[in-house]
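Working notes, structure below.
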Amino acid sequence: MTRYKAIISYDGTNFSGFQIQTKQNVRSIQGELEKVLKKLNSGNPVGVQGSGRTDARVHAIAQVIHFDLPQKRDEEKLRFALDTQGPDDIAVLEVEEVSDDFHVRYNKHEKTYEYLLDTSKARDPFKRNYAGHFRYDLNLSRMQEAAKYLIGEHDFTGFTASGTSVENKVRTITQADIEQIDENTIKFTFSGNGFLYKQIRNMVGTLLKIGNDRMPVEQVEKIIASKDRNLAGPTAAPEGLYLKEVRYVDEEVNGY
C-alpha cells in the first residue's frame, strides 16, 4: 500500500461536516472524497482520514487528509483526477506520497482557524454563507484585551460544547488575534495545538459579548478557571469559521 497526503479546500455550506454521517442523503466531505477514490481504485473502498472534523457549514482553506492506495500513482495525475471528478465545492490543491507511518491526526501538528464577522447593520446577503453576523456595537480593543487571556496552555472545558467525548481538555493556544479588516468585517485568528468541539465558536461568542459590554474583559479568565460553560457566551454561527492551515511540526509537510 502507498500512503498519500492531500491538501483540500471546501465550501462547507452544503455539507453536514467533514465526517461521514449515519443519516441517509446527508453530504460529508469524507463521504464525497471516498466516493471518488473508490472509482479511482477500481470499485474498491478507500478510507479517508482528516486532520480534524469540521462541523456543518464550516469551511476549509487548507484541510489535510491522507488515504492509502494499493499502487503508486503519479501525484499530479492523482490530484487532477480527485479534483475534477469530485464535486465543485471541494478542491484538491496538492497530493504527495508520504511514509506509511504518517497520520494526519496523530502526527504532531498545529492548526490555524479564522472567523469572519459581518458587522453591517443589515445582513449582507452575499456574505450569509461565509461570515457570521453581529449588528450591534463592538469595542475592538476590549475584545483584543480579553483574547490575551486565551493565550497559553489551559483547560478549555468552559469553552467546550456538551457531548464531546474527549477527556483531556487541555490545549495550548499560541495566537488569538482580532482585527478590523474593512469597515464591516472583523477577523478573528486562532492558532494552537488543537481545539475542542465548538471551542472556537464559543470563544468568539464570548468575545462578542465582551465587545458589546455585556461581559467584563476578565470573563475569559473566569471561564478558564471555573471550567463552567454557563459563564461563556453563545456559540457563534458556523458559516464564519474557516480552517486556514495545518502545520506538521516534526516534518517538512506544511499546510497550503
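These values consider heavy atoms only, across backbone and side chains, with no hydrogens, waters or symmetry-generated copies.
- At least one donor-acceptor pair closer than 3.5 Å links the side chain of T119 to the backbone N or O of N184.
- Classified by interplanar angle (parallel below 30°, tilted 30° to 60°, perpendicular above 60°), the ring pair F195/Y113 is perpendicular.
- Between F126 and D118 there is no side-chain heavy-atom pair separated by less than 4.5 Å.
- Annotation for V46 and L69: closest pair CG2-CD2, 3.9 Å, computed over non-hydrogen atoms.
- In this structure, F67 and N41 have side chains that are not in contact, with every pair of non-hydrogen atoms separated by 4.5 Å or more.
- The main-chain N or O of D137 is found under 3.5 Å from a side-chain atom of N212 such that the two form a donor-acceptor pair.
- Using a 4.5 Å cut-off on side-chain heavy atoms (C-beta onward), F80 and V95 make no contact.
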* To do: Tell me, with the steps shown, if Q219 and L231 meet side chain to side chain contact (heavy atoms under 4.5 Å, CB included).
  => CA-CA 8 Å; Q219 187 76 4; L231 295 180; 3.8 Å; yes
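- What you find for P234 and K209 is that their closest heavy atoms are CD-CD, 3.6 Å.
- By the rule that hydrophobic residues join a cluster once side-chain heavy atoms approach within less than 4.5 Å of another member, I29 and L241 end up as members of separate clusters.
- Between S16 and Q21, the shortest heavy-atom distance links the atoms OG-CG, 3.2 Å.
- With values rounded to the nearest 0.5 angstrom, L93 atom CG is found 11.5 Å from L82 atom CG.
- We find that K198 and D55 are not joined by a salt bridge, their nearest charged nitrogen and carboxylate oxygen being 4.0 Å or further apart.
- Checked by atom type, the side-chain pair K127/S120 shows no donor-acceptor distance below 3.5 Å.
- Considering every non-hydrogen atom in both M143 and I186, the closest pair reads CE-CD1, 4.2 Å.
- Between Y136 and F134, the two ring planes are perpendicular [angle over 60°; tilted spans 30° to 60°].
- A donor-acceptor distance shorter than 3.5 angstrom exists from the side chain of S226 to the backbone of K222, with no hydrogens or angles considered.
- L78 contributes atom CG, which lies 12.0 Å from atom CD of E96 (distance to the nearest 0.5 angstrom).
- At a cut-off of 3.5 Å, with distance as the only test, a side-chain donor of S51 or Q63 sits close to an acceptor on the other residue.
- Without hydrogens or angle criteria, K121 side chain to R135 main chain gives a donor-acceptor distance under 3.5 Å.
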* To do: Please assess Y248 against H109 for the test side chain to side chain contact (heavy atoms under 4.5 Å, CB included), listing each intermediate value before the final yes or no.
  => CA-CA 4 Å; Y248 288 88; H109 64 276; 3.6 Å; yes
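- With sequence neighbours left out, N193 forms a side-chain hydrogen bond (donor to acceptor under 3.5 Å, both in side chains) with no residue at all.
- Of the possible polar contacts, none joining the E245 side chain to the A62 backbone as a donor-acceptor pair under 3.5 Å is found.
- Checked against E97 for a side-chain hydrogen bond (donor to acceptor under 3.5 Å, both in side chains), the options K72, R73, R3 give a single hit: K72.
- I151 and I200 end up in the same hydrophobic cluster when Ile, Leu, Val, Met, Phe, Trp and Tyr side chains are linked at under 4.5 Å.
- Note that CG of D177 is 10.0 Å distant from CD of E114, once rounded to the nearest 0.5 Å.
- Around NZ of K227, the count of heavy atoms belonging to other residues, nucleotides or ligands within 6.0 Å does not exceed 12.
- Within the 4.5 Å cutoff, no side-chain heavy atoms of T160 are placed close to those of R171.
- In E183, the CD atom is not crowded: 12 or fewer heavy atoms of neighbouring residues, nucleotides or ligands sit closer than 6.0 Å.
- The hydrophobic cluster containing F190 also contains I224, counting ILVMFWY residues as joined when their side-chain heavy atoms lie under 4.5 angstrom apart, directly or transitively.
- For E145 and R142, the salt-bridge test fails: no basic side-chain N is under 4.0 Å from an acidic carboxylate O.
- Under the 4.5 Å side-chain heavy-atom criterion for Ile, Leu, Val, Met, Phe, Trp and Tyr, I7 and L33 are members of distinct hydrophobic clusters.
- Distance check, rounded to the nearest 0.5 Å: NE2 of H66 to CZ of R105 gives 10.0 Å.
- In summary, the side chains of N139 and S141 do present a donor paired with an acceptor at a separation below 3.5 Å, with no hydrogens or angles considered.
- With rounding to the nearest 0.5 angstrom, the CG atom of D74 is 11.0 Å from the CZ atom of R79.
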* To do: Could you walk me through whether V64 and K5 pass the side chain to side chain contact (heavy atoms under 4.5 Å, CB included) test, one step at a time?
  => CA-CA 7 Å; V64 183; K5 166 185 165 286; 3.8 Å; yes
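- Under the 4.5 Å side-chain heavy-atom criterion for Ile, Leu, Val, Met, Phe, Trp and Tyr, F156 and V166 are members of the same hydrophobic cluster.
- Taking 4.5 Å as the limit, some side-chain heavy atom of T13 sits within range of a side-chain heavy atom of H59.
- By the 4.5 Å heavy-atom criterion applied to side chains, F18 and I65 are counted as neighbours.
- Taking both residues in full, the closest heavy atoms of V48 and Q30 are given as O-NE2, 2.8 Å, listed atom of the first, atom of the second, then distance.
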* Could you give me the CA-CA distance, side-chain angles and deciding distance for Q199 and I173, then say whether side chain to side chain contact (heavy atoms under 4.5 Å, CB included) is met? => CA-CA 11 Å; Q199 177 185 341; I173 290 182; 3.8 Å; yes
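- Checked by atom type and distance alone, the side chain of R53 never pairs as donor or acceptor with a backbone atom of G17 at under 3.5 Å.
- Here the side chains of D100 and M1 are not in contact, with every heavy-atom distance at 4.5 Å or above.
- In this view, Y10 satisfies the ring pair (Phe, Tyr, Trp, His ring centres under 6.0 Å) rule with no residue, not counting sequence neighbours.
- Of all the heavy atoms in G233 and T206, the pair that sits closest is N-OG1, 2.8 Å.
- Within the 4.5 Å cutoff, the side chain of L40 has heavy atoms near those of the V36 side chain.
- Y242 contributes atom OH, which lies 11.5 Å from atom NZ of K187 (distance to the nearest 0.5 angstrom).
- Residues satisfying the side chain to side chain contact (heavy atoms under 4.5 Å, CB included) criterion with D89, sequence neighbours excluded, are D11, N14, F15, R27, P87.
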